[in-house]
Amino acid sequence: MNINNLDKRLITGLNKDNIKELTDVQKECFEPIMQMKNVVASSRTGTGKTLAYLLPIISKAIQMNSKSERDISLNSHQDVVKNNTLYSVILAPTKELCIQICSEINKISNNSGIPVTAAALFGGVNRQRQLLTLKSKPNIVVGTYDRIYELIKDKKISVHNVKTLVIDEADRILTKDNMSEIISFRKCFMRDIQVILVSASIKESTLKNAESISGDFVKILTNDKIQIPTNISHYYFVVDKRDKIEMTRKVISALNDKHCIVFSGSKYDTEEITQKLIYHHYDAECLNAACDKNLRRQITDRFKTGKTHYLICSDLVSRGLDFRNVNLVVNIGLPDKPVDYLHRCGRCGRDGSQAICVSIITESEIDRIKKIQKTYNINMLQKKLYQGKIVRK
């Protein structure tokens with residue numbers, strides 16, 4: 001499968017977005033999804049997993065609409081798919097990712113001229129406003145499972161024509177704590193619905209849980225599987241715990257990057273480093289779980305458009321969100337699991353340009369450095385600051 005096999009309108013739309021070739025995961029997902037097979041796809045962050053399922057889903061819609069037009073011209077009485085049919089539901093774990101997926105669908109539609117429509121549905125916002133979006137009869141619904149399930153039960157969404165269910169960031173949704181609700185949600189759909197699971201990392205427990213909602217998955221584990229892009233360099237600084245935040249400020253100053261994400265597992269740290277940067281005249285904003293959902297969208301939009309230069313956040317945005325032109329990520333401390341480091345550093349260098357992921361750690365976190373290096377076969381270099389410049393330790 002290559003890009004030239006797509007519908008000409010899709011090719012035009014992708015070219016307008018400077019996409020000339022498909023990635024491995026996009027190539028390998030296309031035929032199984034087109035053939036209505038259940039798919040589990042795992043590919044490293046930044047390899048275009050969203051397009052890996054959207055391209056075949058939209059291609060199937062093109063085929064269904066073509067069939068509809070032919071049947072109408074033949075005065076057929078068959079049940080055909082109409083342009084206002086809801087044919088796909090996509091689950092995502094966060095509001096931000098739902099909005100991003102919807103934006104990707106709208107961009108494809110606008111660039112290609114293919115009339116596919118989407119609606120984003122999630123909790124924490126005015127329900128009536130979301131009901132208004134459903135009146136336009138979208139082809140694809142993207143949302144959190146709790147809000148979509150609520151609307152299905154209230155008969156605000158009819159899913160009897162839905163052919164495909166996508167679970168994005170599947171390892172965050174198909175967890176032990178969520179499975180009873182996910183199984184109930186799955187029962188709302190037809191028995192033969194196609195199920196697609198996508199994530200940068202698929203755990204064995206996720207695959208086991210997936211068997212509760214469907215079976216016979218085609219497993220697509222590309223390249224690219226669980227790797228960290230080679231265009232990202234990895235540095236770390238060892239300091240006392242009390243000096244982590246001040247060292248973060250000094251590193252940002254030394255690297256002088258105007259579009260940077262700082263991660264911390266501590267809500268307190270995200271707020272403190274934001275205040276410290278603002279005090280030193282950096283254009284910074286804080287994004288963590290305590291933020292109002294509407295505010296979260298405003299902050300991410302400002303960062304994406306360059307109105308905010310420094311985004312200080314929890315792991316809330318370490319997955320799924322596509323921030324372009326970010327070439328520096330700074331970690332205040334390291335996450336417990338190597339896979340979370342993968343997702344954090346994957347926020348930078350997504351356009352293939354050279355990027356740096358810096359970790360500010362204590363002596364007690366050295367073992368985590370070794371574990372990350374072994375897991376992803378990367379070299380993490382210890383650095384120090386000398387007269388305001390970063391040098392080899």
Side-chain angles (χ1 to χ4, degrees), residues 1 22-57 88-94 97-98 100-101 104 142 144-145 164-183 185-186 193-229 315-322 335-347 350 371-372 374-378:
M1 171 64 192
L22 300 182
T23 65
D24 287 350
V25 69
Q26 291 164 0
K27 291 176 183 177
E28 294 190 33
C29 281
F30 192 84
E31 289 302 329
I33 294 177
M34 287 294 290
Q35 294 167 8
M36 293 300 292
K37 294 179 180 178
N38 296 332
V39 170
V40 174
S42 176
S43 180
R44 66 171 171 82
T45 184
T47 54
K49 292 184 292 297
T50 303
L51 277 181
Y53 60 78
L54 286 181
L55 290 177
I57 285 174
S88 183
V89 170
I90 301 171
L91 298 186
T94 65
L97 185 52
C98 293
Q100 181 171 295
I101 295 168
E104 192 70 28
V142 186
T144 54
Y145 74 86
T164 302
L165 172 64
V166 180
I167 303 180
D168 206 333
E169 297 291 349
D171 59 328
R172 292 184 64 183
I173 294 178
L174 299 183
T175 64
K176 183 179 178 180
D177 293 338
N178 291 341
M179 281 313 298
S180 62
E181 293 173 318
I182 293 295
I183 290 170
F185 176 83
R186 166 66 182 85
I193 191 173
Q194 178 186 40
V195 177
I196 301 169
L197 310 181
V198 181
S199 185
S201 54
I202 297 286
K203 305 172 187 175
E204 284 300 322
S205 59
T206 304
L207 292 174
K208 187 175 181 179
N209 288 335
E211 294 173 359
S212 301
I213 58 173
S214 196
D216 299 323
F217 285 97
V218 175
K219 295 179 183 178
I220 297 173
L221 309 174
T222 64
N223 39 326
D224 38 59
K225 298 177 190 173
I226 310 298
Q227 291 181 0
I228 290 177
D315 286 308
L316 180 73
V317 297
S318 65
R319 295 194 185 202
L321 294 187
D322 187 6
D336 293 331
K337 299 177 181 178
V339 69
D340 293 322
Y341 180 85
L342 167 78
H343 290 295
R344 285 186 181 188
C345 74
R347 295 313 102 198
R350 294 176 73 85
K371 191 173 182 180
I372 291 168
K374 182 178 179 180
T375 301
Y376 298 116
N377 192 29
I378 59 174

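- Atoms CD1 and OG, on Ile196 and Ser88 in that order, are 7.0 Å from each other to the nearest 0.5 Å.
- Rounded to the nearest 0.5 angstrom, Gln26 CD and Thr50 OG1 are separated by 9.5 Å.
- Checked against side chain to side chain donor-acceptor pair (under 3.5 Å), Thr164 has the following partners two or more places apart in sequence or in another chain: Lys60, Gln194.
- Between Asp315 and His343 the shortest side-chain heavy-atom distance does not fall below 4.5 Å.
- Note that CG of Asp171 and CD of Glu204 are 12.5 Å apart. Values are rounded to the nearest 0.5 Å.
- The two residues Lys176 and Asn209 come nearest to each other via the heavy atoms N-ND2, 4.0 Å.
- In this structure, the side chain to side chain donor-acceptor pair (under 3.5 Å) partners of Asn178, at least two apart in sequence or on a different chain, are Tyr145, Thr175.
- Considering only residues two or more places apart in sequence or on other chains, Thr144 meets the side chain to side chain donor-acceptor pair (under 3.5 Å) condition with Asp146.
- Not counting sequence neighbours, the partners of Ser205 by the side chain to side chain contact (heavy atoms under 4.5 Å, CB included) test are Lys203.
- The environment of NZ in Lys371 is sparse: at most 12 heavy-atom neighbours from other residues, nucleotides or ligands sit within 6.0 Å.
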Kindly list each side-chain donor-acceptor pair under 3.5 angstrom involving residues 29-39, sequence neighbours excluded, with atom names and distances?
from: Gln35; atom 1: OE1; to: Lys37; atom 2: NZ; distance (Å): 3.2
from: Asn38; atom 1: OD1; to: Val195; atom 2: N; distance (Å): 2.9
from: Asn38; atom 1: ND2; to: Ser214; atom 2: OG; distance (Å): 2.8
from: Asn38; atom 1: ND2; to: Gly215; atom 2: O; distance (Å): 2.7

What do the steps show when you test Asp24 against Thr47 for side chain to side chain contact (heavy atoms under 4.5 Å, CB included), and what is the final call? CA-CA 8 Å; Asp24 287 350; Thr47 54; over 6 Å; no
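- Taking 4.5 Å as the limit, every side-chain heavy atom of Thr375 sits out of range of all side-chain heavy atoms of Leu342.
- Residues Leu165 and Ile213 form no side-chain contact, since every pair of their non-hydrogen atoms from C-beta on lies 4.5 Å or further apart.
- Residues meeting the side chain to side chain contact (heavy atoms under 4.5 Å, CB included) test with Lys208, sequence neighbours left out: none.
- Here Leu51 contributes atom CG and Ile57 contributes atom CD1; the two are 11.0 Å apart, rounded to the nearest 0.5 Å.
- Summarising the geometry of Thr206 relative to Ile202, their closest heavy-atom pair is CB-CG2, 4.3 Å, with the distance given to 0.1 Å.
- Between Ala41 and Val25, the shortest heavy-atom contact is CB-CG2, 4.4 Å.
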List the steps and the verdict of side chain to side chain contact (heavy atoms under 4.5 Å, CB included) for Arg172 and Thr94. CA-CA 10 Å; Arg172 292 184 64 183; Thr94 65; 3.9 Å; yes
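- Two residues are said to be in side-chain contact when any heavy atoms from C-beta on lie closer than 4.5 Å; Lys49 and Asp168 fail this criterion.
- The minimum heavy-atom distance linking Ile173 with Ala92 is given by the pair CD1-C, 3.9 Å.
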Please determine whether side chain to side chain contact (heavy atoms under 4.5 Å, CB included) holds for the pair Leu54 and Ile90, giving the CA-CA distance in whole Å, both sets of side-chain angles, and the decisive distance to 0.1 Å. CA-CA 10 Å; Leu54 286 181; Ile90 301 171; 4.0 Å; yes
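- With sequence neighbours left out, the side chain to side chain donor-acceptor pair (under 3.5 Å) criterion links Glu104 to no other residue.
- In this structure, the ring pair (Phe, Tyr, Trp, His ring centres under 6.0 Å) partners of Tyr341, at least two apart in sequence or on a different chain, are His234.
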